[in-house]
Amino acid sequence: MYGMVNKAIREMVIQKHGEDTWRKTYEKVGSPADFDSFARYKDSITYELVGAIADVLEEPADKVLHKLGIFWVMDVALVHYRDLMESSGTDFVDFLRGLDHMHSRIKVTFPAFSPPSFRCIVLREGVCELDYYSDRKGLLPFVKGLLEGLAIHFKQEIQVRDIPDEDHPMPCKRMEISYSSTKRVV
């Protein structure tokens, strides 16, 4: 993974839990205290950082990944990559439909970028199905955090329901997402 992911992990820990918690985390892993956003790091470093944060905070790694997904949207993407975010979709579902296109645009800057792939179809009013394809295992809680962050950004209330792997033929993680606007009508 590129250092921007590990840098986001660092920023999240410092912002939410302080410098001392970050120091305990990176010392536990033996990783650098900071990361170069454009450098490539072994995926194992990222997984080890998440595991160390979970140990230090005494919470499940899934919860750490979920929080990181929300943080990525709200405090990284919308702050550092706002133009890309704004050009990738005008609403929640439109954005989900454009994820692969957005990732292909990112590959221009990060040539060795190995992004996940997504397929989004609207099943009926207020319900879509999202297929998540990735060679990296264990990141579904991160994706669900991303979805929650996007829902906040697009002022949507969402409910995500996992579709068991045995209930569909695709080599992906499938989710059914119910969404409704949180905008108030006056």
Side-chain angles (χ1 to χ4, degrees), residues 1-89 92 95-96 98-99 102-103 105-116 118 130 132 134-158 160 173 175 182:
M1 287 188 213
Y2 277 94
M4 64 191 316
V5 174
N6 297 334
K7 196 171 198 66
I9 291 170
R10 176 186 180 274
E11 290 173 14
M12 180 186 77
V13 171
I14 291 171
Q15 188 180 102
K16 307 263 186 223
H17 304 284
E19 291 275 352
D20 190 51
T21 301
W22 174 244
R23 183 188 50 73
K24 289 176 187 173
T25 299
Y26 73 77
E27 285 178 353
K28 189 174 188 72
V29 172
S31 79
D34 201 358
F35 299 90
D36 177 351
S37 292
F38 296 97
R40 289 185 63 202
Y41 296 87
K42 292 179 182 177
D43 286 1
S44 60
I45 291 173
T46 305
Y47 286 110
E48 289 170 6
L49 285 170
V50 169
I53 294 165
D55 287 348
V56 170
L57 297 178
E58 298 179 350
E59 62 185 41
D62 287 358
K63 187 174 181 182
V64 172
L65 284 167
H66 189 266
K67 288 179 184 179
L68 179 61
I70 297 169
F71 185 84
W72 182 266
V73 172
M74 304 307 294
D75 295 275
V76 177
L78 289 171
V79 173
H80 302 291
Y81 309 103
R82 182 169 284 284
D83 290 344
L84 180 62
M85 292 288 289
E86 289 179 355
S87 66
S88 295
F92 181 73
F95 193 91
L96 294 180
L99 281 170
M102 181 184 73
H103 284 139
R105 290 173 56 199
I106 294 169
K107 274 191 92 132
V108 172
T109 306
F110 299 96
F113 180 51
S114 177
F118 296 88
L130 184 68
Y132 160 61
S134 179
D135 294 332
R136 293 183 173 104
K137 304 296 179 207
L139 296 179
L140 188 58
F142 174 70
V143 171
K144 289 179 179 179
L146 291 171
L147 293 171
E148 188 172 325
L150 288 169
I152 293 166
H153 171 65
F154 287 112
K155 296 178 176 48
Q156 298 283 294
E157 289 182 2
I158 64 169
V160 179
K173 296 298 180 189
M175 296 161 274
T182 59

Original post:
Out of curiosity, Leu146 CG to His66 NE2, how far, rounded to the nearest 0.5 Å?
Top reply: 9.0 Å
Original post:
Among Thr21, Asp20, Thr25, which one satisfies side-chain hydrogen bond (donor to acceptor under 3.5 Å, both in side chains) with Arg23?
Top reply: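 Only one option passes, and that is Asp20.
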**OP:** Please identify each residue that fulfils side chain to side chain donor-acceptor pair (under 3.5 Å) with Gln15, with sequence neighbours left out.
**Re:** none
**OP:** Decide side-chain contact (heavy atoms from CB on, under 4.5 Å) for Met4 and Trp72; before the verdict, give the C-alpha distance in whole Å, the side-chain angles of both, and the deciding distance to 0.1 Å.
**Re:** CA-CA 10 Å; Met4 64 191 316; Trp72 182 266; 4.1 Å; yes
Atom of [X], atom of [Y] and distance for their closest heavy-atom approach:
X: Asp62; Y: Pro141; answer: O-CB, 3.4 Å
X: Ala151; Y: Ile158; answer: CB-CG2, 3.7 Å
X: Lys16; Y: Phe71; answer: CE-CD1, 4.2 Å
X: Leu78; Y: Arg82; answer: O-NE, 3.2 Å

Check whether any side-chain N or O of [X] sits under 3.5 Å from a backbone N or O of [Y] as a donor-acceptor pair, and report yes or no.
X: His153; Y: Gly149; result: no
X: Lys173; Y: Tyr132; result: no
X: Tyr26; Y: Asp34; result: no
X: Arg10; Y: Trp22; result: no

**OP:** Kindly determine whether Val143 and Met175 satisfy side-chain contact (heavy atoms from CB on, under 4.5 Å), including the steps that lead there.
**Re:** CA-CA 11 Å; Val143 171; Met175 296 161 274; 4.2 Å; yes
Original post:
Is the closest side-chain heavy-atom distance between Leu147 and Gln156 below 4.5 Å?
Top reply: no
**OP:** Answer yes or no: does atom CZ of Arg136 have more than 12 heavy-atom neighbours from other residues, nucleotides or ligands under 6.0 Å?
**Re:** yes
Original post:
Does the pair Asn6 and Ser31 meet the rule for a side-chain contact (heavy atoms from CB on, under 4.5 Å), with working shown?
Top reply: CA-CA 10 Å; Asn6 297 334; Ser31 79; over 6 Å; no
